[in-house]
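Please read the structure below before turning to the comments.
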Amino acid sequence: MLISNIDINMNLHKKYVLASSSKSRQMVLKNCGFMFTQVKPKCDEEEIKKNIKKNKGPEYVAKTLSFEKSISVSQDKKYFNHYVVGCDTLIYINNKIIDKAQNIEEAHYKIKMFSGKTHKIISGLTLCRIGEKIWQCSETTLVKIRRLKKAQINSYLKKTGKQILGSVGCYQIESLGPNIIENIKGDYFNVLGFPLFRFLKQISKL
């Protein structure tokens with residue numbers, strides 16, 4: 001059965017804000033026909049990370065950051081009648097949260113560390129309205145990187161260029177990433193930085 005326009009636009013009478021400046025998150029929502037306004041969060045992520053206790057797990061960190069992003073926009077009176085979604089995505093491997101690489105040398109080191117191993121992509125997702133949290137979840141996807149030689153990593157990074165630094169995993173699954181990925185277990189969209197299926201299921205209940 002074909003999906004009708006009514007089904008696709010079932011939430012058009014509600015106003016949504018994506019509290020993120022991420023192009024990949026914007027792309028995920030736009031490609032599924034979702035209508036929203038995109039607003040950069042008004043919070044200092046690095047400062048928030050510093051204040052999170054070291055013994056907290058990656059899911060807690062991702063959810064905390066997603067909440068701070070969402071609430072920072074939701075508290076703005078301009079968006080009081082909007083549902084504001086905040087999302088944060090991180091990589092977890094060897095009992096460590098991995099930050100974005102600052103240069104190609106760091107990107108090479110990270111891919112070498114991932115080589116032949118499985119790491120976790122963990123996203124926190126928070127929905128706020130009128131300055132209050134109304135829903136939150138976390139989503140985990142497993143990604144295994146192929147076993148790569150130094151020359152293969154160098155060749156890959158030469159093709160991707162510095163744009164790869166915008167990806168926390170130093171691969172872009174929507175671009176050249178599949179060349180170094182062996183398999184994925186879980187939500188594909190979560191690898192792009194937004195657990196779409198969990199989000200769509202939740203807003204259908206609003």
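By convention here, the first residue in the shown sequence is residue 1. Computed over heavy atoms, backbone and side chain alike; hydrogens, waters and symmetry mates excluded.
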I'd like to check the salt bridge (charged side-chain N to carboxylate O under 4.0 Å, His left out) partners of Lys49; sequence neighbours left out, ordered by chain and number. Glu46, Asp99
Identify the residue among Val73, Leu127, Val17, Ile203 that makes a side-chain contact (heavy atoms from CB on, under 4.5 Å) with Val85. Leu127
For the student: nearest non-hydrogen atoms of Gly131 and Ser74, plus distance: N-OG, 2.8 Å
Checking Lys159 against Tyr156: charged group under 6.0 Å from the ring centre and within 45 degrees of the axis? no
Consider only side-chain heavy atoms of I, L, V, M, F, W and Y, link residues closer than 4.5 Å, and tell whether Leu157 and Ile181 are in one cluster. yes
hydrophobic_cluster_shared for Ile153 and Phe114, side chain cutoff 4.5 Å: yes
If hydrophobic clusters are built from ILVMFWY residues whose side chains come within less than 4.5 Å, do Ile93 and Tyr60 share one? no
Spell out, as yes or no, whether a donor-acceptor pair under 3.5 Å connects the side chain of Ser123 to the backbone of Pro195. no
To the closest 0.5 Å, what do you measure between OG (Ser115) and NZ (Lys144)? 10.0 Å
Here the gap from Lys149 atom NZ to Asn154 atom CG, rounded to the nearest 0.5 Å, amounts to 13.5 Å
Do the side chain of Thr160 and the main chain of Ile164 share a donor and acceptor less than 3.5 angstrom apart? no
If we ignore hydrogens and angles and just use 3.5 Å, is the side chain of Lys120 paired with the main-chain N or O of Tyr92 as donor and acceptor? no
Single-linkage hydrophobic cluster, 4.5 Å side-chain cutoff, Val143 and Val28 together: yes
Do the side-chain N and O atoms of Thr89 and Arg25 include a donor-acceptor pair separated by under 3.5 angstrom? yes
Parallel, tilted or perpendicular: ring planes of Phe199 versus Phe34, cut at 30 and 60 degrees: perpendicular
Is it the case that one hydrophobic cluster holds both Phe197 and Trp135, taking links as side-chain heavy atoms less than 4.5 Å apart, direct or via other members? yes
Taking Arg146 first and then Glu182, would you say they form a salt bridge - that is, a charged N and a carboxylate O separated by under 4.0 Å? no
Assess, by modelled atom type and distance only, whether the side chains of Ser66 and Thr126 contain a donor and an acceptor separated by less than 3.5 Å. yes
Does the side chain of Thr141 come under 3.5 Å of the side chain of Asn190 through a donor N or O and an acceptor N or O? yes
Among Ile91, Val168, Leu90, which residue meets the side-chain contact (heavy atoms from CB on, under 4.5 Å) test with Lys100? Val168
Looking at CD1 of Ile52 and CD of Glu68, how far apart are the two atoms once the value is rounded to the nearest 0.5 Å? 8.0 Å
Flag the pair Tyr16 / Tyr83 as yes when their ring centroid distance falls below 6.0 Å, and as no otherwise. yes
